[in-house]
> 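For reference, the structure I am asking about is given below.
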Amino acid sequence: MNYWLMKSEPDVYGIEHLRKAAGKTDTWDGVRNYQVRNMMRDDMNKGDLAFFYHSNCTTPGIAGIMKITRKGYPDYTAFDPEEKYFDPKSDPDNPRWYMVDVRFVRKLKRVITLAELKEQSALAELPLVRRGNRLSIMPVSKQQWDHILSLE
DNA sequence: GCCAACGTTGGC
DNA sequence: GCCAACGTTGGC
């Protein structure tokens, strides 16, 4: 089983949106980055756990935990011209973009802030805290996962 | 709102 | 295949 960190802007889609979704489950769609696409398509599996990270907001940080409930499958929002993330180059017969399904597990007792994560030498290798990193989904090692939870 | 960093696009 | 221009991300 793998661990992940997944970013979203809470003004657009935060952990409360997921908590209130039907079945507390939703699609993680709209990813239009090849590196992240590859991870969703090849490496994310049903049963994996992921941190829900709030980005581009007043206090960026980890807000909760979710579970992957469906492994990577074609992101159908890419096929719909009405969708914000429509991509005419993604062919339903040869999809360019993938998504996964996620289910709310719980909120953390408090948001573990980016500033705090940056102070942790144990997390120095986490892409999130590395300069210039732009991955919206990244792998988290078991050691990093446990360390982050110990901060809660 | 600024801007550094980085990915993508497209002309050549 | 190079690389300048452009667009996006996301912290601050």
Side-chain angles (χ1 to χ4, degrees), chain A residues 2-21 26-44 48-68 71-141 143-145 147-152:
Chain A
N2 296 318
Y3 297 91
W4 306 93
L5 181 146
M6 301 167 78
K7 298 182 186 175
S8 185
E9 301 184 20
D11 291 347
V12 179
Y13 193 93
I15 190 142
E16 280 301 309
H17 292 93
L18 181 59
R19 189 176 65 80
K20 292 173 183 167
D26 216 335
T27 56
W28 200 271
D29 57 53
V31 171
R32 298 292 180 264
N33 170 285
Y34 288 105
Q35 213 178 335
V36 175
R37 185 279 308 271
N38 292 346
M39 286 190 280
M40 289 201 295
R41 187 189 59 194
D42 304 331
D43 301 326
M44 296 184 88
D48 287 357
L49 291 173
F51 286 128
F52 196 128
Y53 177 88
H54 283 171
S55 68
N56 209 4
C57 55
T58 310
T59 308
I62 295 170
I65 296 172
M66 52 194 164
K67 179 174 281 199
I68 310 304
K71 72 189 298 285
Y73 63 106
D75 182 343
Y76 49 73
T77 68
F79 308 140
D80 182 353
E82 300 297 311
E83 289 281 349
K84 182 181 177 190
Y85 294 105
F86 171 61
D87 181 355
K89 294 176 186 165
S90 188
D91 179 349
D93 292 328
N94 184 21
R96 175 177 290 197
W97 304 115
Y98 280 68
M99 60 185 178
V100 296
D101 288 353
V102 295
R103 188 196 308 133
F104 176 88
V105 173
R106 68 177 180 90
K107 291 172 73 170
L108 298 191
K109 299 187 192 89
R110 61 184 189 85
V111 172
I112 299 175
T113 66
L114 175 63
E116 209 175 335
L117 295 169
K118 283 180 170 174
E119 291 170 0
Q120 305 294 320
S121 57
L123 302 177
E125 300 301 317
L126 186 66
L128 183 76
V129 302
R130 301 196 69 104
R131 181 165 152 264
N133 170 69
R134 296 176 59 183
L135 292 176
S136 64
I137 296 179
M138 68 190 71
V140 176
S141 73
Q143 288 75 16
Q144 290 165 339
W145 179 273
H147 185 84
I148 291 168
L149 279 183
S150 77
L151 303 173
E152 187 181 8

> Would you please indicate yes or no on a ring centroid separation below 6.0 angstrom for A:Y34 and A:W97?
yes
> How many angstroms lie between atom NE2 of A:H54 and atom OG1 of A:T59, to the nearest 0.5 angstrom?
11.5 Å
> Taking side chain as C-beta onward, heavy atoms only, is A:S8 less than 4.5 Å from A:Y53?
no
> Mind checking which nucleotides bracket the chain A contacts on DNA chain C, 5' to 3', with an atom under 4.0 Å from a heavy atom?
C:dG7 to C:dC12
> Looking at A:D75 and A:R32, does any basic side-chain N land under 4.0 Å from a carboxylate oxygen?
yes
> Closest-nucleotide mapping onto DNA chain B: is A:N56 or A:R96 further toward the 5' terminus? I mean the 5' end.
A:N56
> Would you mind reporting whether A:M6 and A:I68 have side-chain heavy atoms less than 4.5 Å apart?
yes
> Between A:D87 and A:R96 (side chain of the first, backbone of the second, donor and acceptor by atom type, cut-off under 3.5 Å), is there such a pair?
no
> Do any N or O atoms from the side chain of A:R103 and from the backbone of A:D26 form a donor-acceptor pair under 3.5 angstrom?
no
> Please list residues of residues 119-134 of chain A whose heavy atoms come under 4.0 Å from any atom in DNA chain B, ordered by number; otherwise none.
A:R131, A:G132, A:R134
> Nearest heavy-atom pair of A:F51 and A:M66: which atoms, and what distance?
O-CE, 3.9 Å
> On a heavy-atom basis, which atom in A:F52 and which in A:I15 lie closest, and how many Å separate them?
CZ-N, 3.5 Å
> Kindly indicate whether the side chain of A:L149, heavy atoms from C-beta on, has any atom under 4.5 Å from the side chain of A:I65.
yes
> Which angle, to the nearest 10 degrees, lies between the helix axes at the two ends of the helix from B:dG1-C:dC12 to B:dC12-C:dG1, each defined by five pairs?
10°
